[in-house]
Amino acid sequence: MSVPPRLFSCLRRGLIAALLLLMGALLAAGCRSAPAPTPVPITPTSPPTVAPAATPMPTPTTAIPPTAIPTEAAAPTAAPLSIDETVEDETTDVLAQRLAALPELQNFSGVVLVARNGETLFSQGYGYADRQAQLPNTPQTRFRLGSLTKQFTAAAVLMLQDRGLLNVQDPICDYVDDCPPAWAPITIHHLLAHTSGIPDFTNFPDYEARKGQPSTLSQTLARFRDAPLEFAPGTSWNYSNSGYIVLGRIIEQTSEQRYEDFLRAHIFEPLGMADSGYDHGDADLAVGYVNAGPAQADFLDMSIPHAAGALYGSAEDLLRWDRGLDAGLLLPAELQAQMFTAHAAIPDSGGFGYGYGWEVGELLGRRVVSHMGGIEGFSAGITRVLDDHTLIVVLSNEEQTNPRAVSQAVLQALYAAP
């Protein structure tokens with residue numbers, strides 16, 4: 001009969017304490033003038049770690065100097081809260097057993113990564129990145145991130161605010177040429193929080209017919225710039241990819257760089273995110289599928305989603321992103337707090353609100369920020385449990401996968417009672 005892990009841990013600690021007391025007593029009896037020995041602390045075995053962030057490549061000359069960031073992600077500046085006692089003695093093997101039993105992962109294709117305090121607890125690929133070539137998914141496989149792109153766009157805007165080049169309360173017409181009169185009351189804040197009232201062009205009747213055609217940023221803006229607002233800015237909430245397309249224009253106008261160049265120079269390279277970037281169809285990504293069958297997803301020209309959804313990345317790069325956020329390497333605390341503050345309630349979300357590129361709320365009694373993404377051939381989810389610095393990444397090369405359901409199932413397994 002096997003001894004339960006927690007009972008074994010308790011017995012081990014008791015035995016060590018008894019041995020230390022006995023040694024102290026023997027030494028005191030034989031050599032009373034010598035000081036009592038100091039017990040050597042026992043260091044638990046650390047979980048496996050992801051390789052340190054790569055040394056940044058030289059940054060090209062840009063209109064805005066890149067943030068000075070160490071070449072290796074630092075530890076979090078704030079001490080983490082104590083880990084839930086039900087998982088304090090968990091090993092990677094135990095967590096793997098729990099996840100293996102999840103029905104959400106039985107036919108899953110992609111990668112699941114779980115980390116705490118920047119250290120990997122679990123990292124596993126499932127299925128194939130390329131089914132025809134039988135190339136397996138791994139934590140280094142590159143996936144389209146879909147709307148996870150929005151958190152990088154939001155961070156870029158706040159970085160520009162930190163440099164004094166804009167303010168989120170500025171009217172967007174200060175930065176958009178030939179700004180429609182209806183947009184005059186809209187601020188950058190409204191775009192970030194999805195409260196602008198600008199309708200989502202991906203819901204327009206002609207979107208499916210046009211999604212395979214290349215589009216410049218100006219051409220994409222023209223699709224919705226004259227459409228009536230859905231509500232007065234700031235009076236309601238509705239998810240709008242259009243708003244984040246406008247943010248892409250503002251980033252380019254303010255920084256005097258292409259959107260993708262700004263992110264590469266100021267986020268990806270400083271954090272060592274070598275497997276992340278703007279998808280131009282030449283980045284050696286996983287093949288995107290409709291579902292579990294052989295059918296590949298419809299073609300989408302990635303010039304269209306731009307700052308709303310055009311990025312790709314790997315699970316390990318999202319861990320580097322998480323490390324950078326935890327350590328405060330990109331933004332000062334007050335601006336990062338704005339990103340993780342619920343500025344508007346999300347209808348029918350169980351109490352979640354929308355920050356800047358992140359959903360903000362509570363799950364299992366813990367403070368959580370998260371976001372999901374879906375795009376042709378791919379689905380993605382990132383969840384950060386703020387109370388104990390836990391990260392859950394779910395990346396899939398099937399567009400029919402529900403990343404929210406998978407992420408919440410992993411969260412339940414992580415904090416389940418033994």
Closest approach of P270 to R264 (non-hydrogen atoms, all atoms of both residues)
CD-O, 3.8 Å
Once you round to the nearest 0.5 Å, how far does CG of D162 lie from CD of E334?
7.5 Å
What do you reckon, is CZ of F204 surrounded by more than 12 foreign heavy atoms closer than 6.0 Å?
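Yes - once you tally the heavy atoms of other residues, nucleotides and ligands closer than 6.0 Å, there are more than 12.
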Going by atom types alone, do T138 and Q140 pair a side-chain donor with an acceptor below 3.5 Å?
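Side chains of T138 and Q140: pair found under 3.5 Å.
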L158 versus V168: any side-chain heavy-atom pair under 4.5 Å?
yes
Check: E376 and R144 side chains under 4.5 Å, non-hydrogen atoms:
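Yes - at least one pair of side-chain heavy atoms lies under 4.5 Å apart.
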I172 side chain near I250 side chain, heavy-atom distance below 4.5 Å:
yes
Distance from I304 atom CD1 to Q213 atom CD, nearest 0.5 Å?
7.5 Å
Go through E119 and R116 one step at a time and tell me if the salt bridge (Lys or Arg N to Asp or Glu O under 4.0 Å) criterion holds.
CA-CA 5 Å; E119 301 295 333; R116 179 171 283 139; over 6 Å; no
CG (D301) and OG (S215) are apart, to the nearest 0.5 Å, by 8.0 Å
Measure the acute angle between the ring planes of F122 and Y126, then classify it against the limits of 30° and 60° as parallel, tilted or perpendicular.
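The arrangement is tilted - the two ring planes meet at 30° to 60°.
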Please find out if less than 6.0 Å separates the ring center of H194 from that of Y244.
yes
Begin with the C-alpha distance, continue with both residues' side-chain angles, and end with the deciding distance and a verdict on side-chain contact (heavy atoms from CB on, under 4.5 Å) for Q132 and V287.
CA-CA 10 Å; Q132 183 175 1; V287 177; over 6 Å; no
Verify salt bridge (Lys or Arg N to Asp or Glu O under 4.0 Å) between R384 and D326, making sure each step is shown before the conclusion.
CA-CA 10 Å; R384 304 180 73 235; D326 249 355; 3.3 Å; yes
Start with the C-alpha distance between N241 and S147, add both sets of side-chain angles, then the distance that settles side-chain contact (heavy atoms from CB on, under 4.5 Å), and finish with yes or no.
CA-CA 9 Å; N241 288 293; S147 285; 4.1 Å; yes
Within a strict 4.5 Å, meaning less than it, do heavy atoms of the M372 and S379 side chains meet?
no
Quick one: which of Q151, K150, Q336, H189 gives a side-chain hydrogen bond (donor to acceptor under 3.5 Å, both in side chains) with Y356?
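Exactly one candidate clears the test, H189.
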With under 30° as parallel and over 60° as perpendicular, where do the rings of W237 and Y354 fit, or are they tilted in between?
tilted
Is the CG atom of D206 crowded by more than 12 outside heavy atoms at less than 6.0 Å?
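Yes, CG of D206 has more than 12 neighbouring heavy atoms, counting only those of other groups under 6.0 Å.
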Y415 vs D388, side-chain hydrogen bond (donor to acceptor under 3.5 Å, both in side chains): CA-CA, chis, key distance, verdict
CA-CA 11 Å; Y415 293 103; D388 61 8; 2.8 Å; yes
When rounded to the nearest 0.5 angstrom, what distance separates CH2 in W358 from CD1 in I382?
4.0 Å
Is atom CG of N167 surrounded by more than 12 heavy atoms (other residues, nucleotides or ligands) closer than 6.0 Å?
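Atom CG in N167 is crowded, with more than 12 foreign heavy atoms closer than 6.0 Å.
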Are P305 and L300 close enough that some pair of their side-chain heavy atoms sits under 4.5 Å apart?
yes
Derivation of the side-chain contact (heavy atoms from CB on, under 4.5 Å) call for N238 and D200:
CA-CA 9 Å; N238 197 25; D200 186 352; over 6 Å; no
If you measure from CG on L191 to CG on L247, what distance do you get to the nearest 0.5 Å?
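The CG atom of L247 is 4.5 Å from CG of L191, to the nearest 0.5 Å.
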Student check: side-chain heavy atoms of L113 and L318 closer than 4.5 Å
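With C-beta onward as the side chain, the pair stays apart.
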From CG (D322) to CD1 (I392), nearest 0.5 Å:
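So the gap between those two atoms works out to 11.0 Å.
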Any non-hydrogen side-chain atom of R366 less than 4.5 Å from a side-chain atom of L411?
no
Report the relative orientation of the aromatic rings in Y259 and H306; use parallel for angles under 30°, tilted for 30 to 60°, perpendicular for over 60°.
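Tilted.
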Side-chain touch S240/F224, heavy atoms, less than 4.5 angstrom
no
